[in-house]
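First the structure, in the form of C-alpha cells, and then the observations on it.
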Amino acid sequence: MGFKIRTKDLNSVFEKMSGSYKIVAPIVVEGAGRCSETDIVRYDEVKRVEDIEFNRKSDYSYKEALLPITQTILFFTQDEYKEPVVNEKPQIIFVRSCDLHGVKRVDDIYLRNGFVDPYYKKLREGVKFVLIGCEKSFDNCYCVDMETNKSDNYDAYLKVSDGYAYLDIKDDELKEYFNETPKMEMEVNPDFVTENKIKVNIPENLTLDVMDSKMWDEYSERCIACGRCNFVCPTCTCNTMQDIYYSDNENIGERRRVWASCQVPGYTTMAGGHEFRKANGQKMRFKIMHKVYDYKKRWGYHMCVGCGRCDDICPEYISVPGCINKLQDAMDEVNSNDK
Ligand code: SF4
Ligand code: SF4
C-alpha cells in the first residue's frame, strides 16, 4: 500500500529529512558533458525534488556516493598516522533497479569478501535507498537478461507525475517523516521494464578456454584504454593508492585511494615492471570474464547488471553486450581448435 502527496509537500519532507540525512540523487550538470555544450547526469546532493533527474539514465552511477573517486584514508608524518574523522550524515540515495542490484555487488566486495572495509562501511551505514522506476528501457540497457530489472528491497519508492508524488515506503524511519503530510492512500507499484531492445546470450558452456579465441584481438585494435567504461560502471570497485606529500613539508602528507581501471596501462604492473595484461584486448577479456563468468562462480549471480553505461560512454563505440554476444562463437571456435 502506498500514498499520493503533492510534490510541494514532498519538498517540506525533504527539508525535514535534510536535518538528519544527506539526500543524494542524479542531477543534470549543465555543460559538463564530454562534448562541448552537452550536459551530464551524475549524483550530487539535492534539496528539492525538482532537482532530481527522473527521465534520463545517469551517466555515472550512485557509486560515487559510497565510494568517492578520491578518498583520504589517513594522514601521516614521519612517526605516526591518523585516520580522518568522518562525521557525515547518513545518505538517502535515489537509484534505479539495476543500480540497487549494483549496490549488492559493491557490498559483496567491500563488506562480505572475507573482510570489512572500514571506509566503505562508514559511508554505507544507515543509507536508505529510494527506488526510481523505469517506465521504459533506455538506450543500451539489458537489465532484463541480467535479471536486474526488478527490485523489491528498497526503503522507499518514488514516482513524480503532474505535481504529485507517489510513494511506497517500507522503512519505518522514513515513514515517520510523512506522519503530518496530507496524503491519499492508494496502491503504488514501481514501474519496471520487462523488455529491452538489447539482448545478451551468456553461453551455458562458457569456460576459461574462451581466452584463447581470436575474438579479443579486435579490442586491441579498437580500445584506447581510457578506462571510462570502468568509471561509469556501478559494479567496478577497484582502486589504487596514492601518497600525496605536502609541498610545505615533504615529510608529511596523506594517503588517498582513488578509482582505478583494469582497462588502463599500469593496472597490473608489478615491481620490476612486469605486467600481466599488456594488449588492450587482454584487458577487455579480463573485464568481460569478470562481469559474466568468474564473479558468478563466487557469488551465484553475474557482476554486470546490464545498465549499459559502458556502451553509452565508450568513445570507440565498443559494446559490452556486443562482446558478450560473441562469446558463443568464440567457444565454438576454441572447441573446434581442440579437435
Ligand atoms: S559492465 Fe557495463 S552494463 Fe555491466 S554493470 Fe558495468 S557499466 Fe553496466
Ligand atoms: S571506454 Fe571503450 S575505449 Fe575506453 S577503455 Fe573502455 S572499452 Fe576501451
I27 side chain reached by E53 side chain, heavy atoms, under 4.5 Å: no
Is the backbone N or O of P68 less than 3.5 Å from a side-chain atom of R257, with the two atoms forming a donor-acceptor pair by type? no
Note: K4 and M186 closest approach over all heavy atoms is CB-SD, 3.4 Å
Between N196 and S137 (side chain of the first, backbone of the second, donor and acceptor by atom type, cut-off under 3.5 Å), is there such a pair? no
Pair K214 + D217: basic N to acidic O under 4.0 Å: no
Work out which heavy atom in Q263 is nearest to a heavy atom in M284; give both atom names and the distance. OE1-CA, 3.4 Å
Enumerate the residue pairs fulfilling salt bridge (Lys or Arg N to Asp or Glu O under 4.0 Å) with a member in residues 276-292, sequence neighbours excluded, ordered by first and then second residue. none
Qualifying residue for side chain to side chain donor-acceptor pair (under 3.5 Å) with T72, from E254, E83, R255: E254
So CG of N189 and CG of D168: to nearest 0.5 Å the spacing works out to 7.5 Å
Do the side-chain N and O atoms of Y21 and E173 include a donor-acceptor pair separated by under 3.5 angstrom? yes
Intermediate values then yes/no, side-chain hydrogen bond (donor to acceptor under 3.5 Å, both in side chains), Y120 and D107: CA-CA 9 Å; Y120 179 77; D107 283 353; 2.6 Å; yes
Less than 4.0 Å between a side-chain N and a carboxylate O, is that true for R42 and D59? no
Should D294 and K297 be marked as a salt bridge (charged side-chain N to carboxylate O under 4.0 Å, His left out) after you check the CA-CA gap, both sets of side-chain angles, and the distance that decides it? CA-CA 5 Å; D294 54 69; K297 286 193 174 306; over 6 Å; no
Exam field: side chain E80 to backbone K82, donor-acceptor pair closer than 3.5 Å: no
Test your reading of the model: is there a side-chain donor-acceptor pair from Y43 to the backbone of S58, 3.5 Å cut-off? no
I'd like to know if the side chain of K57 and the backbone of C307 have a donor-acceptor N/O pair within less than 3.5 Å. yes
Can you measure from NZ (K89) to CD (E45) and round to the nearest 0.5 angstrom? 6.5 Å
Check: N140/R309 side-chain N/O donor and acceptor closer than 3.5 Å: no
Run the salt-bridge test on R48 and E15 with the 4.0 Å N-O cut-off and return the result as yes or no. no
Can you see which heavy atom on R105 is nearest to which on V305, and at what distance? NE-CG1, 3.7 Å
Cationic N near anionic O, under 4.0 Å, D329 to K326: no
Look at the aromatic rings of Y219 and W216 and report parallel, tilted or perpendicular, splitting at 30° and 60°. tilted
Ring pair (Phe, Tyr, Trp, His ring centres under 6.0 Å) contacts touching residues 150-201 (sequence neighbours left out): F3-F178
Tell me whether the rings of F286 and Y267 are parallel (<30°), tilted (30 to 60°) or perpendicular (>60°). tilted
Under 3.5 Å, is there a donor-acceptor pair linking the side chains of N11 and E50? yes
Is a donor on one side and an acceptor on the other found under 3.5 Å between the side chain of D212 and the backbone of E333? no
Tell me the closest heavy-atom pair linking C223 and N280, and the distance in Å. O-ND2, 2.9 Å
Tell me whether the rings of Y295 and Y301 are parallel (<30°), tilted (30 to 60°) or perpendicular (>60°). tilted
Under 3.5 Å, is there a donor on one side chain and an acceptor on the other for S319 and D311? yes
K63 charged N/C atom sitting above W259 aromatic ring, 6.0 Å / 45°: yes
